[in-house]
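One-based numbering, in listed order, for ligands and for the atoms of each.
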Amino acid sequence: MTMMHLGVFTYPGGHHIAGWRHGSVMPREILGYDYYRGTAQAAERGKFDLVFVGDMLAAREKDGRVIAQGALNNIDSISILSAVAGATERVGLVATLSTTYNEPFAIAERFATLDHLSGGRAGWNIITTANDDAALNFSRKSHMEKTMRYQRAREFVDICKSLWDGWQDDAIVADRAAGTFFDPARVHGIDHRGQFFSVKGALEQPRPPQGWPVMVQAGGSPAGLEFAAMVAEVIFAAQSDRQQAIKFRAAVKQRMPGHGRDPALLKVLLGLLPILGSTEKEALEKEKMLNELLHPAVGIWMLSEQMGFRLYDYPQEGPLPTADIRASGGAFTPRVEHLMERADREKLSIRDCGVLVAASRSHGSFVGTPEALVDHMKLWVDEGACDGFNIMPAWFHDEMDLFVDQVVPILQRRGLFRREYEGAMLRDHLGLPIPAASAGRLAA
Ligand SMILES: Cc1cc2nc3c(=O)[nH]c(=O)nc-3n(C[C@H](O)[C@H](O)[C@H](O)COP(=O)(O)O)c2cc1C
C-alpha cells in the first residue's frame, strides 16, 4: 500500500483567515520562537515529513487599502527553520525564498547552511513571488512579467545546483597532522555568464548532506507547471477539486521525461484545511463559529485579489456581479470560473463568496470526523490526485494537536502513514535519492 506524505504549512495565527481570533491563540505571541517550535515538535511527534514556512515580500496593502483584519504574513522562513532545527531531530524543514528578489549565490549559501545545520533536512520552496507589490520594496517599478520570472528562476536554480555540486563529496580531508582542511583540487568553482546572472567562484562550504535541498515548487500556471516538471521533487498544490488535481498531477508527470526526469520522483502535496469534530454536526458548528469570526473586509479583499476584479464598491449582501466580472475581460483561472458558476447557480452573495475564498485561503478543506477525513485523504491518494497533504490547521496550536493526536493514529492503523521515521534526512522521508555530485554542474 502506498504511504502518504504529510507536511504542515505554518502560518502566523492559523490558516483559517480568522483563526487568529480564536480564544486559544495569543496573537502577540505568533512571532516568537515558542510558536514555531511548538508546531515543528507537534509535526515530529506525528512523524510528519516536513514543516513548511512561506515568504511574502510585501505587507497586505492593495489599491491603497491596508488590510489590517487578517493575521500577519510570514516572517523570514529560513530564520524560523534554522531556529527550530535545534529543537527537532527528524522533521524536514522547507523554507520559501524567491528567485525574483534574490541572488543565486546568497540563496545557495543559505540553503547549504540550513542543510548542514539540520543534518540534511532542508527543502527549498522555489517561488517567483506571487504579489506584485513586492517590486516596490526592491527598487523596481513593477513585478517582472511571468514568463520572464520563470526564465530567471531556471537560470537561478541551475546556478545553485552547480554551486552545491562544486565541492566533491571527498573534498574535506580534515588532516590535522598535515594541516590540510580540504583538497582544492576537489573544489570546482563556476564561471557562469547568462541572461540574468554572472557568478564566478565556489561556495564557501562543502556539498550539503542531501546534495541539494529538496526542490519544492508551488506555482500552478502553464509556465509554473513546466518549471515544476523541470525541477520539482515536491509540489505544493492548491486544487480543491479532485478531478482538477488528478489532471494537474498527471500533466506535470507527463512532462518530466521530456526534461530527462523520472515521474516517480515527484510528490504532490495538496493543501488541506481540516475542521474536525467528534460528530459531523460538531465539526459544522466549528466551521460556522470560524466563519462568523471572519471580518467582511478580509473576505472582500481576498475575493477581489483572486478574481482580479475590485469588488469593494459593490453591496456585500448583493449577488456576486459575475456579468461585470466576465465583461472586464480578465484571464480567469479554472478556480475563479468554478466559483462564478457556483455563485450563479446557488445565488451566492459577495459576502458568501468571500467566506468561501477566505476561509481556507483557496486550498481544499474538509469538515467532519477524523475517520471521515482519513477516508477522504485515502480516496484522493488512491485516485492519483496527490501523494499526500500539506496540513493547514485552522489555528495553532490546538488544531494541529488535534490532527496529530486523532487523525495520524487512524492513518497509521490503516497502514497509510509511517509509525516511525526510517531515515534521518528529508530525502529519506520522501523516498528521494541524493543527486549525483556531477548532476547539477554547469558546463565551464
Ligand atoms: C502551498 C502554496 C504555497 C505558496 N507559498 C507562497 C509563498 O510563500 N510566497 C509566494 O510569493 N507565493 C507562494 N505561493 C504562490 C506560488 O508560488 C505562485 O506564485 C502562485 O501559485 C501562482 O502561480 P504561477 O506564478 O505559476 O501562476 C504558494 C502557492 C502554494 C500553492
Let me see the working for Trp212 and Asp115 under side chain to side chain donor-acceptor pair (under 3.5 Å), right down to the final yes or no. CA-CA 8 Å; Trp212 313 335; Asp115 209 46; over 6 Å; no

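Of the protein's non-hydrogen atoms, Ile127 CG2, 4.0 Å is the one closest to atom 13 (C) of ligand 1. Given atom 31 (C) of ligand 1, the protein heavy atom at minimum distance is Phe236 O, 3.4 Å. Among all protein heavy atoms, the one lying closest to atom 5 (N) of ligand 1 is Asn125 ND2, 4.0 Å. At the shortest separation from atom 3 (C) of ligand 1 among protein heavy atoms lies Phe52 CZ, 3.8 Å. Nearest to atom 4 (C) of ligand 1 among the protein's heavy atoms is Ala218 CB, 4.1 Å. Here the heavy atom of the protein found nearest to atom 12 (N) of ligand 1 is Ala130 CB, 3.6 Å.
Residue-to-ligand polar distances place Asp55 within reach of ligand 1: an N/O pair is separated by less than 3.5 Å. At least one N/O-N/O distance between Lys146 and ligand 1 falls below 3.5 Å. For Tyr150, a nitrogen or oxygen atom sits less than 3.5 Å from a nitrogen or oxygen atom of ligand 1, counting backbone and side chain alike.
For the pair Glu337 and Arg326, the salt-bridge criterion is met [side-chain N within less than 4.0 Å of a carboxylate O]. Remark: Arg37 engages Asp34 in a salt bridge, criterion side-chain N to carboxylate O under 4.0 Å.
In this structure, Thr96 contributes its side chain and Val53 its backbone to a donor-acceptor pair below 3.5 Å. Checking side-chain atoms of Asp352 against main-chain N and O of Ser349 turns up a donor-acceptor pair under 3.5 Å.
Every atom of ligand 1 with a heavy atom of Gly54 under 4.0 Å away is listed here by number and element: 8 (O). Set against the non-hydrogen atoms of Gly224, the atoms of ligand 1 under 4.0 Å away are 26 (O). Proximity to Met56 (heavy-atom distance under 4.0 Å) selects the following atoms of ligand 1: 9 (N), 10 (C), 11 (O). With ligand atoms numbered from 1 in the order given, ligand 1 contributes 11 (O) to contacts under 4.0 Å with heavy atoms of Thr129. Numbered from 1 in the order shown, with element, the atoms of ligand 1 that lie under 4.0 Å from a heavy atom of Ser221 read 24 (P), 26 (O), 27 (O).
Remark: distances from the non-hydrogen atoms of Phe9 to ligand 1 include one below 4.0 Å. For His363, the heavy-atom gap to ligand 1 drops under 4.0 angstrom.
Between His143 and Tyr101, a ring centre-to-centre spacing shorter than 6.0 Å is recorded.
Remark: Lys286 pairs with Glu399 by the side chain to side chain donor-acceptor pair (under 3.5 Å) rule, at least two apart or across chains.
Ring geometry, Phe396 versus Tyr35: the interplanar angle exceeds 60°, so the pair is classed perpendicular (tilted spans 30 to 60°). In this pair, Phe156 and Phe197 present their aromatic rings perpendicular. The plane angle is above 60°, beyond the 30 to 60° band.
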Donor-acceptor pairs under 3.5 angstrom involving side-chain atoms of residues 218-228: please list them, not counting sequence neighbours.
{"unit_1": "Ser221", "atom_1": "OG", "unit_2": "Gly224", "atom_2": "N", "d": "3.1"}
{"unit_1": "Glu226", "atom_1": "OE1", "unit_2": "Arg255", "atom_2": "NE", "d": "3.0"}
{"unit_1": "Glu226", "atom_1": "OE2", "unit_2": "His259", "atom_2": "NE2", "d": "2.8"}

